[in-house]
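Quick notes on the structure that follows.
Count residues from 1 along the sequence. Order of appearance sets the numbers: ligands from 1, and atoms from 1 within every ligand.
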Amino acid sequence: MSTPHLKARVAILISGRGSNMEAIAKAARGTDFPAKVALVLSNRPDAEGLKRAEKLGIKTAVLDHTQFTTREAFDGALHQVLLQEEIDFICLAGFMRLLTPGFVASWEGRIMNIHPSLLPSYKGLNAIEQAIEAGAKITGCTVHAVTADMDSGPIIGQCAVPVLAGDTPETLAKRIQAAEHRLYPQALWLVLSGQHLPAEEDEQLISF
Ligand code: GAR
């Protein structure tokens, strides 16, 4: 009899819809996938993704950021919840909060994010609008390791998406999100199979 494969316990942090969370959770149902989604946590009590997670039978938690007076206090509480749930790895998926350098240092090498552009282009908010305004013909999405500087950690995987004539932020977002839903589970699988995030000098790239 073979020993059952030990799956990493992953927490997915969200602030809204949770479609990337759902894509990861569905991929993680596979017996060969090296992760189990152990927790979905939102900083917004009304996040649609919480309901999606409940439907998928995943444990959820809310840490309402408006109840904390400092970023340090919020991140300290977040850290405690993640320890309590014995979390090995964090995926940020539409988690619209900056994390403090102290929190990021505690989880270094065990935290990744998805961003709706081909980084290093169009960092920060409204990345999709930024691409349209810049007249870009190609944009996309990036999964990267999280470091203290926003949207700047080593790139794990990217997927290019064309900007078509007449695209609005909504039509382009739809195309980018379809790519995100393929890219994020693959990137997580890649990282967990290697047991570490790639260092700057040996970045791995997924493209399709
Ligand atoms: C995704 O498109 C993700 O790339 C973006 O938020 C969306 C969340 O969608 N993240 C950022 O803009 C981070 N700067 P989802 O809640 O349906 O997964």
Side-chain angles (χ1 to χ4, degrees), residues 10-28 35 37 39-56 58 60-63 65 71 75 78 89-100 103-104 107 111-134 136 138-163 167-188 191 206-208:
V10 170
I12 305 182
L13 274 48
I14 63 168
S15 298
R17 187 178 43 207
S19 67
N20 279 287
M21 174 280 297
E22 187 160 350
I24 294 169
K26 287 185 172 164
V37 180
L39 183 71
V40 170
L41 184 144
S42 172
N43 65 307
R44 293 186 179 276
D46 59 350
E48 184 194 329
L50 289 169
K51 292 195 194 83
R52 286 184 183 226
E54 281 160 19
K55 275 198 191 137
L56 291 162
I58 300 168
T60 61
V62 174
L63 274 183
H65 65 275
R71 284 193 183 276
D75 285 3
L78 176 60
F89 202 91
I90 303 170
C91 290
L92 306 181
F95 185 67
M96 306 309 269
R97 271 188 73 80
L98 285 177
L99 293 164
T100 53
F103 180 90
V104 173
W107 290 89
I111 177 166
M112 64 205 274
N113 180 43
I114 189 155
H115 184 77
S117 75
L118 292 176
L119 289 172
S121 294
Y122 316 130
K123 294 179 180 180
L125 290 175
N126 305 321
I128 295 170
E129 287 82 348
Q130 289 184 53
I132 291 175
E133 274 162 29
I138 295 180
T139 182
C141 49
T142 302
V143 173
H144 65 96
V146 173
T147 57
D149 294 330
M150 187 182 64
D151 300 333
S152 297
I155 290 169
I156 297 159
Q158 290 189 308
C159 186
V161 173
V163 183
D167 255 341
T168 63
E170 291 72 30
T171 57
L172 181 55
K174 239 179 157 179
R175 215 174 301 119
I176 291 176
Q177 277 149 21
E180 289 185 334
H181 299 162
R182 289 186 289 138
L183 178 67
Y184 212 169
Q186 287 201 28
L188 179 61
V191 165
I206 304 168
S207 55
F208 44 82

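For atom 6 (O) of ligand 1, the closest non-hydrogen atom of the protein is Gly94 CA, 3.7 Å. Among protein heavy atoms, atom 3 (C) of ligand 1 sits closest to Glu180 OE2, 3.5 Å. Annotation: atom 9 (O) of ligand 1 to nearest protein heavy atom, Arg17 NH2, 3.1 Å. Nearest protein heavy-atom neighbour of atom 14 (N) of ligand 1: His115 ND1, 3.3 Å.
Using a non-hydrogen distance threshold of 4.0 Å, Glu48 does not register as a contact of ligand 1. Contact annotation: Ile114 has at least one heavy atom less than 4.0 Å from an atom of ligand 1.
The residue from Leu92, Leu119, Leu99 that alone fulfils the side-chain contact (heavy atoms from CB on, under 4.5 Å) condition with Asn113 is Leu92.
Inter-residue side-chain proximity for Lys26 and His181 is flagged as unmet; no heavy-atom pair is nearer than 4.5 Å. Put simply, the side chain of Ile90 does not reach to within 4.5 Å of the side chain of Val146, judged on heavy atoms. Within the 4.5 Å cutoff, the side chain of Met21 has no heavy atoms near those of the Ile24 side chain. Side-chain contact between Thr139 and Ile128 is absent, with no heavy atoms from C-beta onward closer than 4.5 Å. Counting heavy atoms from C-beta outward, Lys174 and Glu170 have side chains that stay 4.5 Å or more apart.
Remark: ligand 1 and Asp151 share no N or O pair separated by less than 3.5 Å (distance only, no angle test). Any N or O atom pair closer than 3.5 Å counts here, and Gly124 shares no such pair with ligand 1. At under 3.5 Å, not a single nitrogen or oxygen of Asn113, backbone or side chain, sits near a nitrogen or oxygen of ligand 1.
Among all heavy-atom pairs drawn from Ile14 and Ala47, the shortest one is CD1-CB, 4.3 Å. Closest approach of Met112 to Phe89, counting heavy atoms only: SD-CE2, 3.2 Å.
Taking only non-hydrogen atoms, the option from Ala127, Gly18, Pro116 nearest to atom 11 (C) of ligand 1 is Pro116. Scanning Ala23, Gly49, Ser19 for the heavy atom closest to atom 15 (P) of ligand 1 points to Ser19.
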